[in-house]
There are 2 protein chains.
Amino acid sequence: MVIEIDFNSDEALYVQLRNQIVIGIATRSFHEGEALPSVRQLADTIGINMHTVNKAYTVLKQEGFVKVDRRKGAIIAVDIDRLRALEEIKKELQVVLAKGSCTDISKEEVHALIDEIYEDYGGLE
Amino acid sequence: MVIEIDFNSDEALYVQLRNQIVIGIATRSFHEGEALPSVRQLADTIGINMHTVNKAYTVLKQEGFVKVDRRKGAIIAVDIDRLRALEEIKKELQVVLAKGSCTDISKEEVHALIDEIYEDYGGLE
DNA sequence: TCTTCTGTTATATAAAATATAACACAACTA
DNA sequence: TAGTTGTGTTATATTTTATATAACAGAAGA
């Protein structure tokens, strides 16, 4: 998977990294049990500090996307409470859709976007 | 409109405030041309610093949700490029839905959430 | 045993969020 | 018209967060 970081973005580097990896799991670029690159390797590839990658991995661990093993590194292991995730997602959607609604983006347009995105994510269904 | 701030959240105060106001516009708690409370008044009501409210208003101005008048304060005036908004929303949805997909939340469940949220936002349609 | 790979920890620096205080301008009021 | 009060603005300081540098500790493999 190609991880792309935008250095001009106002989003923190470790947040961008976290997002890309979560998308990577959703698009099956990363599979359950697979190891992510080591913090040094990834930091080197991207051209950022090792500790920034480490922070992204720590967040992913806290959120339940990976398990970190001192020997093997960060292993994909999704363990998230469904109901809680559903609640969080609803809150996040409320914010995103509010902006959409203000801009006269219709419900149907949003549905279309969802379908578009799920073509990449939910390929097995 | 009741603006609720979570002081335990890891989200910056001004971001929470910005989100609540955008949701307020979407739910028609605030209407085009209406003035938001003054920075001091709102800061006092919520119990945060005036400058934090000011930052939220500045962000809303940059994003095209309000116009700030030195005399009258912040006035709701939505002026956002639709195509650009659509792009941004898609990017944001990708991140939110990736998490959902990892948690086995189906496309149909997301559609249902969208409909639920749009009941509050798109009441005129 | 030595080298090399992992993540971790400690510390320092840079950037961003929040707070305090003084300012400038306009509107209202007496 | 002078004074008071309401706006947002600006300057500055403080606190918190993000990022960077360097040394560490444990495990794997030659």
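Being a predicted model, the structure only gives us computed values, none of them experimental. Values below: every heavy atom of this structure, side chains too, minus hydrogens, waters and symmetry copies. Here is how names work: the chains are called A, B, and so on, in the same order as the sequence lines, proteins then strands, and each is numbered from 1.
- Straight-line distance from the CG atom of B/Asp10 to the C1' atom of C/dA16: 15 Å, rounded to whole Å.
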Check: protein-nucleotides 15-19 of chain D nitrogen or oxygen pairs below 3.5 Å:
| residue | atom | partner | partner atom | Å |
| --- | --- | --- | --- | --- |
| D/dA18 | OP1 | A/Tyr14 | OH | 2.7 |
| D/dA18 | OP2 | A/Lys55 | NZ | 2.6 |
| D/dT19 | OP1 | A/Leu13 | N | 2.7 |

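- With D/dT10, C/dG7, D/dA20 as the choices, the nucleotide that has an atom nearest any side-chain atom of A/Ile48 turns out to be D/dA20.
- Spacing between atom CG of A/Asn54 and atom P of D/dC24 amounts to 18 Å, rounded to whole angstrom units.
- Under the 3.5 Å distance criterion, the side-chain polar atoms of A/Gln16 are matched with a main-chain donor or acceptor of A/Glu11.
- At a cut-off of 3.5 angstrom, counting only N and O atoms as typed in the model, there is a donor on one side and an acceptor on the other between the side-chain of A/Arg40 and the base of C/dG7.
- Contact annotation for A/Arg70: base contact, defined as any heavy-atom pair under 4.0 Å involving a base atom.
- With hydrogens and angles left out, the side chain of B/Arg71 and the base of D/dG6 share no donor-acceptor pair within 3.5 Å.
- One interatomic measurement links the two molecules: CE of B/Met50 to P of C/dA17, which rounds to 17 Å at whole-angstrom precision.
- Not one side-chain nitrogen or oxygen of A/Ser38 sits closer than 4.0 Å to the OP1 or OP2 atom of C/dC5.
- A salt bridge links B/Arg18 with B/Glu63: the distance from a Lys NZ or Arg NE/NH1/NH2 to an Asp or Glu carboxylate oxygen falls below 4.0 Å.
- At least one donor-acceptor pair closer than 3.5 Å links the side chain of B/Thr58 to the backbone N or O of B/Asn54.
- Within a 6.0 Å radius of CZ in B/Arg84, no more than 12 heavy atoms belonging to other residues, nucleotides or ligands are found.
- Distance, B/Asp69 CG to D/dT9 C1': 13 Å, rounded to whole Å.
- Using a cutoff of 4.0 Å between basic side-chain nitrogens and carboxylate oxygens, A/Glu109 and B/Arg82 are scored as salt-bridged.
- Rounded to whole angstrom, the span from the CZ atom of B/Arg18 across to the P atom of C/dA16 amounts to 19 Å.
- The distance from atom NZ of B/Lys61 to atom P of D/dG8 is 11 Å, rounded to the nearest whole Å.
- Between B/Arg28 and B/Tyr121, the closest heavy-atom pair is NH1-O, 2.6 Å.
- Rounded to a whole Å, the CD1 atom of B/Ile75 is 12 Å from the C1' atom of D/dG8.
- Between the P atom of C/dT6 and the CG atom of A/Leu36 lies a distance of 12 Å, rounded to the nearest Å.
- With B/Tyr118 as the aromatic partner, A/Lys107 does not meet the cation-pi criteria of under 6.0 angstrom to the ring centre and within 45 degrees of the ring axis.
- Using a 4.0 Å cut-off, no side-chain N or O of B/Gln41 falls inside it from OP1 or OP2 of D/dG6.
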